[in-house]
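If you scroll down you'll find the structure; I have some questions about it.
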Amino acid sequence: MERIFLVLTVVWLSAVGGRAQQNGELWPDVGGKHINAHGGNIIRYGETYYWYGENRPYRGFTTEVGVEVYSSKDLRAWTDEGVALAVSEEAGSDIERGCIMERPKVLYNAKTGKFVMLFHLELKGCGYEAARVAFAVSDTPTGPFRFVRSTRINANVWPFDYTAKQQKAAMKTDASKWEKWWTPQWMGETQKGMYLWRDMKGGQMSRDMTVYVDDDGRAYHITSSQENLTLLVSELTDDYLDFTGKYNQIAPGGQNEAPCIFKRNGVYWLICSGCTGWEPNEARMFRSESIWGPWTQLPSPFVGEGGYHGFAANKTFGAQGTYIFRKNEEAGTPYVFMADIWNPRHLSESLHLWLPIGFEADGRPVIRWQQQVPD
Ligand code: GAL
């Protein structure tokens, strides 16, 4: 019976959108083209899922098109809905074609009825120096989104629970003195808030990022800051279009990137990568009972063999996380870890990897390789 069902599913999927997607392979949309939406996220609105991601070029790595959006009723057959947020043709615009838009995440704001997009923005011709977060907004899930602004974050504000003593210690540091990184002294200064202090006036850096909407509708932005050394979690305003100014640090000096977060039974789990560019590395995991911490670091949740091209658990199976989502909360479908297997030679062909998250008896997440894409 199960076999017949499987055969029928495959036949049906072939009819609507080619073969069922497999981890480690290209994922065709209903038009037969690989899904060009990387570093992104998925939201459900009504009965439809929307997948937003970086539209990447086949050659080169700057953004020539913008953020792409796909729609699906079943998370399998994806229709390309086109460009949700387009680059600008205007010289000098923050999002001028040739800028870098990364890790776009869209949120639906139930209060305003608007779709809000946050993404990591690098200005054209400036490498990764700008380190900004950008906001865009739309009345409909497929856009077009209107670019609002890009900014550094939390200028002139200390993390909300930073004591007077900590502030004093940070103010004594001087980042310009340290040419050599990774010495114990340099790490000591970094953990004292050396980069936090350096960027206090101009605003904190924001590169790899994600967003999270809590049960009460409050949204948070989590980002790699301070030269990718420290994560910041910052509260967003009610309309999700700005920061309230309340923020905190996670793992100062821990060098975490690609943050992905979910909550289960009142516990927040944060799964990140290390910083090795497009190369896969070992994931890191943190646990907290409050979004504001304290966050406790635990071993990587990835276990076992398998993986893409022989990359086992200690290399996150060849991938880097981008988002954690659930098809149907009420139906209890699994939490799915969504990741990118980067292909820096042809970024548009970077692969997608979705793995279900399992749980140990003590609630700890565990992620094993499987080729089949979970629901
Ligand atoms: C990765 C990061 C990606 C992208 C890439 C560029 O570490 O997670 O989003 O920025 O570096 O080299």
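Since the structure is predicted, the reported quantities are computational estimates derived from the model, not experimental observations. We count residues from 1, following the sequence as given. Note that ligands are numbered from 1 as they come in the structure, with each ligand's atoms numbered from 1 the same way.
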Relative to the ring of Tyr220, is the ring of Trp292 parallel (under 30°), tilted (30 to 60°) or perpendicular (over 60°)?
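The arrangement is perpendicular - the two ring planes meet at more than 60°.
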Determine whether Arg97 and Thr63 satisfy the following criterion, side chain to side chain contact (heavy atoms under 4.5 Å, CB included), listing intermediate values before the conclusion.
CA-CA 6 Å; Arg97 183 148 56 85; Thr63 304; over 6 Å; no
Applying a 4.0 Å heavy-atom criterion (strictly less than), which segment of Tyr128 is in contact with ligand 1: side chain, backbone, both, or neither?
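The side chain, only.
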Hey, is ligand 1 close enough to Thr276 that some N/O pair sits below 3.5 Å?
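There is no such contact.
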Top protein contact for atom 10 (O) of ligand 1, by heavy-atom distance:
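Of every protein heavy atom, Glu102 OE1, 2.7 Å lies nearest to atom 10 (O) of ligand 1.
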Record the part of Arg207 in heavy-atom contact with ligand 1 below 4.0 Å; permitted values are side chain, backbone, both and neither.
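Looking at Arg207 and ligand 1, no heavy atom falls under 4.0 Å.
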Protein contact to atom 9 (O) of ligand 1 [nearest heavy atom, distance to 0.1 Å]
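Of the protein heavy atoms, Arg103 NE, 3.0 Å lies nearest.
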Which of the numbered atoms in ligand 1 are below 4.0 angstrom from a heavy atom of Glu257?
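Reading through ligand 1 atom by atom, the close ones are 1 (C), 2 (C), 7 (O), 8 (O).
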Can Arg264 be said to sit on top of Phe359's aromatic six-ring, NZ or CZ under 6.0 Å from centre and within 45° of the ring axis?
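That pair qualifies as a cation-pi contact.
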Is the backbone N or O of Lys114 less than 3.5 Å from a side-chain atom of Asn109, with the two atoms forming a donor-acceptor pair by type?
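The answer is no, because no donor-acceptor pair under 3.5 Å joins these two groups.
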Gln320, portion touching ligand 1 at heavy-atom distance under 4.0 Å:
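For Gln320, the contact with ligand 1 is made by the side chain alone.
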Proximity of Tyr45 and Tyr108 rings by center, below 6.0 Å:
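That pair passes the under 6.0 Å test.
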Where is the nearest protein heavy atom to atom 8 (O) of ligand 1: which residue, which atom, and how far?
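Protein heavy atom at minimum distance: Asp208 OD2, 2.5 Å.
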For Phe135, does the six-membered ring have the charged nitrogen or CZ of Arg149 within the cation-pi criterion, i.e. under 6.0 angstrom from the centroid and within 45° of the normal?
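Arg149 over Phe135 ring: yes.
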Among residues at least two apart in sequence or on other chains, which ones pass side-chain hydrogen bond (donor to acceptor under 3.5 Å, both in side chains) with Ser273?
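Result, side-chain hydrogen bond (donor to acceptor under 3.5 Å, both in side chains) vs Ser273: Gln320.
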Polar contacts were defined as any N/O atom of the residue lying under 3.5 Å from an N/O atom of the ligand; does this apply to Ala258 and ligand 1?
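N/O-N/O distance below 3.5 Å does not exist for this pair.
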What is the closest protein heavy atom to atom 1 (C) of ligand 1, and at what distance does it sit?
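Looking at atom 1 (C) of ligand 1, the protein heavy atom closest to it is Gly277 O, 3.4 Å.
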